Participant: 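One structure, pasted below without further comment.
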Amino acid sequence: MHNSSIDDAFKERVYTLIGSIPVGKVAAYGQLAKLAGAANQSRAVGRLLKNLPAQSSLPWFRVINSQGKISFPVSSEKYMQQRQLLESEGVMFINDKVNLKKYQWLEDS
DNA sequence: GGCTGGGCACTAT
DNA sequence: TATAGTGCCCAGC
């Protein structure tokens, strides 16, 4: 309905998951939501990242959308910062997007 | 304190 | 590319 808030346990699980993404890999918002036990809450994941302190040690930049693209305007500062961090880890961009087949984090591997 | 409307770092057709 | 479905959150009443 209205006035809901992100469950604390869900939050914790998402943070833990993000911290578990290996260097050089990426994960989708929906993927994290599902792993955290709430399949339809991809949007909440995005909200969590937005509220994250800028100096947080969490690798928030390894979270992108299901199309393999960064969820910011291509010319924005945030976009370039995120892209640079990923490229510095060996994640390559082709036409502003990542090859998920190659770089998506598979929880089991 | 309760409701509503609108904005989003989303996804699936 | 566009549209619909979905959920979190904030600003005004």
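Every chain is numbered from 1 and lettered A, B, ... according to where its sequence line falls, protein lines coming before strand lines. Since the structure is predicted, the reported quantities are computational estimates derived from the model, not experimental observations.
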Participant: Are there more than 12 heavy atoms of other residues, nucleotides or ligands under 6.0 Å from atom CD of A:Glu12?
Facilitator: no
Participant: Look up atom CD in A:Gln82 and atom CD in A:Glu87, then write down how far apart they are to the nearest 0.5 Å.
Facilitator: 11.0 Å
Participant: Within a strict 4.5 Å, meaning less than it, do heavy atoms of the A:Arg83 and A:Asp96 side chains meet?
Facilitator: yes
Participant: Find out whether A:Ile64 and A:Ser71 are in side-chain contact, i.e. whether some heavy atom of one side chain is under 4.5 Å from a heavy atom of the other.
Facilitator: no
Participant: Pairs in or reaching into residues 43-70 of chain A: which pass salt bridge (Lys or Arg N to Asp or Glu O under 4.0 Å), with residues at least two apart or in two chains?
Facilitator: A:Arg62-A:Glu89
Participant: Tell me the stems DNA chain B sits in, counting at least three consecutive Watson-Crick or G-U wobble pairs, each under 3.5 Å on both distances.
Facilitator: B:2-8 with C:7-13, B:10-13 with C:2-5
Participant: Taking the side chain as C-beta and beyond, is there a heavy-atom pair between A:Phe61 and A:Ile70 under 4.5 Å?
Facilitator: no
Participant: Check whether any side-chain heavy atom of A:Leu58 sits under 4.5 Å from a side-chain heavy atom of A:Tyr15, and report yes or no.
Facilitator: yes
Participant: In whole Å, measure the gap between the C1' atoms of B:dC8 and C:dT6 for me.
Facilitator: 12 Å
Participant: Reading nucleotides 6-13 of chain B from the 5' end, what letters show protein touch, with B for base, S for backbone sugar-phosphate only, - for no heavy atom under 4.0 Å?
Facilitator: -BBBBSS-
Participant: Rounded to the nearest 0.5 Å, how far does NZ of A:Lys11 lie from CG of A:Leu48?
Facilitator: 6.5 Å
